[in-house]
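Here is the structure we will look at.
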There are 2 protein chains.
Amino acid sequence: MPRSSQPARRDRPEPRAATVARRASVLKAALDCFTRHGIDGTTIGDIQKAARCSVGSLYHHFGSKEGIAEELFIEGISRFNRGMLRRLRQSRGAEESVKAVVRFYCDWSMRNRALASYLHSRDIDFSEQARARLKTVYRSYITEVFTWFGPFVAGGTMRALPPEAYVPLISGPIQEYVRRWLSGHYEPSPARMKELFADAAWQAVRSRGPAGPAVH
Amino acid sequence: MPRSSQPARRDRPEPRAATVARRASVLKAALDCFTRHGIDGTTIGDIQKAARCSVGSLYHHFGSKEGIAEELFIEGISRFNRGMLRRLRQSRGAEESVKAVVRFYCDWSMRNRALASYLHSRDIDFSEQARARLKTVYRSYITEVFTWFGPFVAGGTMRALPPEAYVPLISGPIQEYVRRWLSGHYEPSPARMKELFADAAWQAVRSRGPAGPAVH
DNA sequence: ATGTTAACTAGAATATGGTTCTAGTAAAAG
DNA sequence: CTTTTACTAGAACCATATTCTAGTTAACAT
């Protein structure tokens with residue numbers, strides 16, 4: 001096929017430096033507005049003012065207000081995922097790894113409070129296209145995570161469970177806690193709960209039965 | 001104070017039957033539209049058509065599109081809460097109660113799929129007033145729940161934990177699982193996971209230590 | 001350097017759709 | 001039977017998301 005002999009023609013043609021900067025500044029401004037007034041509450045004008053750019057510019061780069069919201073969301077998720085994988089790869093052994101997931105979730109959310117809060121808003125009104133992108137991002141992430149944990153399950157350190165059960169069991173509680181904390185339901189910092197949830201996560205997925213007792 | 005001697009003047013003056021019906025039909029129509037096209041994707045016109053009523057009527061009863069969304073949300077939460085409390089009160093003992101929470105969450109979500117899905121959309125752009133109402137509803141609910149479980153903790157059957165830890169530990173996993181299931185991430189019905197998560201919940205909050213081993 | 005192309009910016013014009021307003025109708029209250 | 005008030009209707013209004021046309025700037029080939 002001649003297509004493959006074309007010298008990387010279809011790749012994007014290297015965005016200008018100004019473009020990168022503008023996109024970033026828009027996303028930053030948008031996050032700011034969104035956290036302040038909610039997604040619906042912020043107008044294109046708000047973002048425009050905060051990012052100091054024209055309507056035309058916004059639409060050129062993102063196509064729509066929704067486009068901005070989607071981009072912000074996907075970028076945020078990607079950043080979170082990258083961070084999680086980095087942290088995971090620094091961990092040794094099953095227990096440390098499982099706990100690392102919980103701890104990272106907590107730490108990251110506290111460090112990136114606004115973004116974390118935004119990521120908790122649901123993707124109800126995302127476009128089909130954005131949904132697809134998100135799915136891709138998630139798939140490649142979850143694949144890496146499972147690759148990491150696979151050996152522990154195979155080796156019998158962790159319970160063998162239906163694959164869909166692991167994420168809820170490990171991250172469910174901390175996620176729910178952080179969500180409530182972010183939306184201001186209560187004050188106690190997640191940091192104080194971190195180890196509690198980390199332990200619980202490990203108890204939920206560690207191997208039980210003949211291998212040994214579950215307690216001290 | 002003379003105010004208190006006024007004969008219950010401030011109560012609502014008994015809504016007409018037609019009013020109740022209309023409100024209900026609007027909420028039903030709205031839920032329908034929202035699940036089909038998302039909240040933002042739904043126009044007042046859509047709801048109007050689906051509920052067969054005029055704009056004026058909508059605004060008379062709910063004040064705004066957001067008002068409709070809020071009402072639907074609060075009503076949904078209330079129904080869920082009532083159901084949960086009913087189920088809880090049919091349970092005997094700590095273990096059965098804890099597991100009942102998980103099971104009910106799962107059952108209810110499957111039975112009321114559209115509403116459950118709607119309730120998972122976050123309350124980002126709710127009015128201050130709605131937020132307050134929601135808080136009231138939640139508070140009275142959580143109070144009853146804690147009243148129910150209090151004795152088990154006091155009696156040593158359940159672990160003593162920071163109060164904010166219980167909900168995430170017990171409901172976090174099933175909630176996360178159901179959320180993913182509702183948004184179509186995967187097929188396996190929550191029913192197949194119900195007992196797994198019920199067990200995990202119980203393990204997370206049951207008493208450990210000297211009282212007995214954590215396993216078989 | 002200079003011309004050519006395409007990425008990018010700008011803001012006025014447009015269109016969509018949420019909200020308000022005025023004028024009613026029907027049901028309860030006295 | 002009158003009065004009051006909850007309720008309905010839909011046209012007018014208005015905020016704001018999006019589109020359009022006209023430029024401007026940067027990269028790049030000659």
Side-chain angles (χ1 to χ4, degrees), chain A residues 7-30 33-34 36-72 124-127 129-130, chain B residues 6-30 32-34 36-72 124-127 129-130:
Chain A
R9 207 57 189 64
R10 274 281 111 198
D11 306 317
R12 54 214 52 128
E14 309 264 334
R16 296 177 196 172
T19 301
V20 179
R22 173 115 299 175
R23 284 181 62 98
S25 90
V26 169
L27 290 180
K28 185 166 153 21
C33 295
F34 289 164
R36 226 189 289 292
H37 316 113
I39 296 186
D40 286 0
T42 58
T43 74
I44 286 287
D46 292 338
I47 301 178
Q48 196 195 147
K49 243 179 302 171
R52 285 187 218 277
C53 71
S54 71
V55 224
S57 190
L58 283 185
Y59 278 85
H60 172 73
H61 287 298
F62 298 97
S64 69
K65 179 177 163 185
E66 199 179 288
I68 299 174
E70 291 172 350
E71 196 59 35
L72 188 59
I124 292 206
D125 41 6
F126 279 7
S127 69
Q129 197 200 356
Chain B
Q6 284 184 350
R9 208 56 189 65
R10 275 281 111 199
D11 304 317
R12 55 215 51 132
E14 309 262 335
R16 295 178 197 171
T19 300
V20 178
R22 173 115 298 177
R23 285 182 61 98
S25 89
V26 168
L27 290 180
K28 183 164 155 22
D32 218 59
C33 295
F34 289 165
R36 228 189 288 291
H37 316 115
I39 296 185
D40 285 0
T42 303
T43 75
I44 286 287
D46 291 339
I47 301 178
Q48 198 196 144
K49 241 178 305 171
R52 285 187 218 276
C53 70
S54 70
V55 224
S57 191
L58 283 185
Y59 277 85
H60 172 74
H61 287 299
F62 298 98
S64 69
K65 179 177 163 183
E66 198 179 287
I68 300 174
E70 291 173 350
E71 195 61 33
L72 187 59
I124 291 205
D125 42 5
F126 278 7
S127 70
Q129 196 200 356

Separation of C:dA7 atom C1' from A:Arg22 atom CZ, nearest Å, is 13 Å

Can you tell me how far the CG atom of A:Leu58 sits from the CZ atom of A:Arg22, to the nearest 0.5 Å? 8.5 Å

Show your working on side chain to side chain contact (heavy atoms under 4.5 Å, CB included) between A:Glu71 and A:Arg23 and close with a plain yes or no. CA-CA 10 Å; A:Glu71 196 59 35; A:Arg23 284 181 62 98; 3.5 Å; yes

When you measure from the side chain of B:Glu70 to the backbone N and O of B:Phe126, does any donor-acceptor pair fall under 3.5 Å? no

When rounded to whole Å, the CZ to C1' distance for the pair A:Arg52 and C:dT9 reads 16 Å

Contact list for DNA chain C against residues 53-62 of chain A - heavy-atom distance below 4.0 Å: A:Cys53, A:Ser54, A:Val55, A:Gly56, A:Ser57, A:His60, A:His61

How many Å lie between CD1 on A:Ile39 and C1' on D:dA17, as a whole number? 15 Å

Between A:Lys65 and A:Thr42 (side chain of the first, backbone of the second, donor and acceptor by atom type, cut-off under 3.5 Å), is there such a pair? yes

Under a 4.0 Å heavy-atom cut-off, which of residues 40-51 of chain A touch DNA chain C? none

Please report the distance, rounded to the nearest Å, between CD in B:Glu66 and P in C:dG17. 18 Å

Test item: A:Ser57 side-chain N/O and A:Cys53 main-chain N/O as donor-acceptor pair under 3.5 Å: no

Drop me the distance from B:Cys33's SG to B:Lys28's NZ, to the nearest 0.5 angstrom. 10.5 Å

Do B:His61 and B:Val26 come within less than 4.5 Å of each other through their side chains, counting heavy atoms only? no

Under 4.0 Å between a side-chain nitrogen and a carboxylate oxygen: does that hold for B:Arg36 and B:Asp32? yes

